[in-house]
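Each chain gets a letter, A, B and so on, in the order its sequence line appears, and its residues count up from 1. For the numbers below, each heavy atom of this structure counts, side chains included, while hydrogens, waters and symmetry mates do not.
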Number of protein chains: 2
Amino acid sequence: MPHGRPLRAVTIAHVARAAGVAPMTVSRVINTPEQVAEATAARVREAIAQLGYVPNLMAGGLSSRRSRMIAAVVPTIAHPMFAMLIDRFTASLRAAGYQVMLSLTGYMDASAEAELVHGLLGRRPDGILVTGVGHAPPTQQMLSEAGIPVVEIFDAGPNPIDVLIGFDHEAVGRRVAEYFLARGHDSFAMFAAADQRARSRQRGFVERVASAGGRLLDASILPAPSTITAGREAMRALVPRLDRRTALFCSSDLMAFGAIVEAQQHGIAVPERLAVCGFGDFEISAANEPPFTTVTVEASQIGLDAAAIILARLAGEPTQRRIEVPFRIVERASG
Amino acid sequence: MPHGRPLRAVTIAHVARAAGVAPMTVSRVINTPEQVAEATAARVREAIAQLGYVPNLMAGGLSSRRSRMIAAVVPTIAHPMFAMLIDRFTASLRAAGYQVMLSLTGYMDASAEAELVHGLLGRRPDGILVTGVGHAPPTQQMLSEAGIPVVEIFDAGPNPIDVLIGFDHEAVGRRVAEYFLARGHDSFAMFAAADQRARSRQRGFVERVASAGGRLLDASILPAPSTITAGREAMRALVPRLDRRTALFCSSDLMAFGAIVEAQQHGIAVPERLAVCGFGDFEISAANEPPFTTVTVEASQIGLDAAAIILARLAGEPTQRRIEVPFRIVERASG
DNA sequence: TTGTATGCGTTATCAA
DNA sequence: TTGATAACGCATACAA
């Protein structure tokens, strides 16, 4: 006879007794009310309210083999893009009767991430969303063997586990380089956070600049997560080496803001002497003075698409395996 | 014979068979390895790895009546204070073998919140953290009847459900008013988001200003969540009514930043003509130019304390029922 | 429309 | 140190 904490837990059996019906009828009132006569249902609901019954979803999930829960793994939610994305993802799934179990990886190493995913899968989610591609092999294997829809977001790559919704970060870097090149720039710099995807953007930018014969003053890697302060410090170091006109790409709007603030402190005119492009289209890029150019991605669309795909898969419908999310440069006063 | 999705799920029985032991022995290897002979344990671990076994935590939780999961409910994580708090909370609990199930309420109404909490409690968390006090009665009742540690954070009030860790937001408002009064101000304004706690801060500020006979130019309520843009707009409206020297308190650093940017656009000197104090000690308050005065709270300490209290309670130890979290004004160039 | 029997995958308990 | 057994609370499948 198992025995854990001193329970006075109300179960479906208590409710059934109180309502004078079988437990299965209570279950129906909760899950498929259309199958129950209204008079019976009313009695049952009354008993549920009376007793403060909260169905045990572990028991229900074990029995039905459906947890009605979707796991989501993102690096952070301090980043407005992810905050938005998760907001929409959660709302869509909630509307469909699913709970979202959100986990943040921060800047976890691969083995900690594997452990996290292992724990999550132990709860038997009906689907899972993970950020990025190219996870460590143990993580990949767990995910693909879980037998549930797996949506990788916010990146692109050749071998998605199941479904991939994102964009190519190197392409972003290239596009920004081309944007600057088209405006006649020939002196460049790029600050990136020490983050997989930020580095991809840097790679794309640097390569495109090189292929156009541009002069690259700086391609710093700053500690992740990116901060305003990091942008200021990197800018402080760059100031003495600035050309008469330099174009700077930052892997995040926070860094870009820091770079602008610091440049202005040194009397460097933005955009005349220093053109700046950020990434993320955070509120500050539009609300700052001067507002600054940035790269925008429909993060909320990623959240909506991810939820829709998971729901479709759970309904047994076929879905796309790959959604390319567009990004675009929003030109503002910073150049 | 129940049957859900077409499962080829590996269970503890498969592992046991592969290792030539009883299921219970496998369970022990996972949960209490010190009770198993090393040779046996090695064989079992081998089988686990071989089969890619991921223990079903719903089954384990149902049987043991412990989910090893803690629920956390916060309004947002876009707010750095909550991001930090949740980060520490999660890390502490993870180290103790608990998973955190994070939910965001955004700016949900009371009934949606009750539904959320109901769903959460259905997973039978071993403890729960919720933001704020004074939830709707149904929510309060569910929480207190759940029979688990309940920690309310980030606020203060007379009747905590179980444990309360936070501070009095009205006291924050009063303190900021006193800070300005001590610097000789007699003209004041306050921008607050339409959020319970922000309004408390506003109330404290306004009342203290009134009791000192100060002149209150403005006490706007702006839509939640607070944004830079809202700060700019509120400031734009205030500019024509500014006295020769006015002190502004904003319910968030984001708003304060917006107010400063807008004021500067209008050629209003900060702090000479307009003194500004924000709330939250976000990075931008220190990294902006000029850096601005704000109110800081040890948010990470709240996360640590909340985790520690829940763990202590689960270990059957008595704990404090109320922790007052200190806050303090960080004086910077904005006045 | 409602009820009965059974098993989901694990662990507490007791026995060996 | 290991194993057998009986729940945990619910929903599937089938019967009435």
Once you round it to whole Å, what is the distance between [atom2] of [N] and [atom1] of [X]?
X	N	atom1	atom2	answer
Asn31(A)	dT2(C)	CG	P	15 Å
Leu62(B)	dC8(C)	CG	C1'	9 Å
Arg68(B)	dG9(C)	CZ	P	22 Å
Ile12(A)	dT6(C)	CD1	C1'	15 Å
Arg17(B)	dT10(C)	CZ	C1'	15 Å
Arg66(B)	dT11(C)	CZ	P	11 Å
His14(B)	dC8(C)	NE2	P	10 Å

### Query
For residues 50-59 of chain B, which residues have at least one heavy atom under 4.0 Å from DNA chain D?
none

## Note on the structure
Hits for ring-ring contact (aromatic ring centres under 6.0 Å, His included) against Tyr53(B), two or more places apart or cross-chain, chain-then-number order -> none

### Message
Just checking Gln35(A): does its CD atom have more than 12 heavy atoms from other residues, nucleotides or ligands closer to it than 6.0 angstrom?
### Response
yes

### Query
Counting only heavy atoms not in Met142(B), do more than 12 sit closer than 6.0 Å to its CE atom?
yes

Are the side chain of [X] and the backbone N or O of [Y] linked by a donor-acceptor pair below 3.5 Å?
X	Y	answer
Glu152(B)	Ile161(B)	yes
Asp126(B)	Ile70(B)	no
Ser63(B)	Ala59(B)	no
Thr131(B)	Ile153(B)	no
Arg65(B)	Leu62(B)	no

### Message
Tell me which pairs pass side-chain hydrogen bond (donor to acceptor under 3.5 Å, both in side chains) where either residue lies in residues 156-166 of chain A, with sequence neighbours left out.
### Response
Asp162(A)-Arg313(A)

Look for any protein N or O under 3.5 Å of an N or O in nucleotides 1-3 of chain D and output each such pair with its distance, or none.
residue: dT2(D); atom: OP1; partner: Thr40(B); partner atom: OG1; Å: 2.2
residue: dT2(D); atom: OP2; partner: Ala37(B); partner atom: N; Å: 2.8
residue: dG3(D); atom: OP2; partner: Ala22(B); partner atom: N; Å: 3.0
residue: dG3(D); atom: OP2; partner: Thr25(B); partner atom: OG1; Å: 2.4
residue: dG3(D); atom: N7; partner: Arg28(B); partner atom: NH1; Å: 3.2
residue: dG3(D); atom: O6; partner: Arg28(B); partner atom: NH2; Å: 2.5

Could you list the donor-acceptor pairs under 3.5 angstrom formed between side-chain atoms of residues 15-25 of chain A and any protein atom two or more places apart in sequence or on another chain?
none

### Query
Under 30°, 30 to 60°, or over 60°: which ring-plane class applies to Phe154(A) and Phe82(A), parallel, tilted or perpendicular?
tilted

### Message
Rounding to 10°, can you tell me the angle the first-five-pair axis of the helix from dT1(C)-dA16(D) to dA16(C)-dT1(D) makes with its last-five-pair axis?
### Response
30°

#### Entry: Ser63(B) side chain near dA12(C) phosphate (N/O to OP1/OP2, under 4.0 Å)
no

### Query
Does Arg65(B) have a side-chain nitrogen or oxygen under 4.0 Å from the phosphate oxygens OP1 or OP2 of dG9(D)?
yes

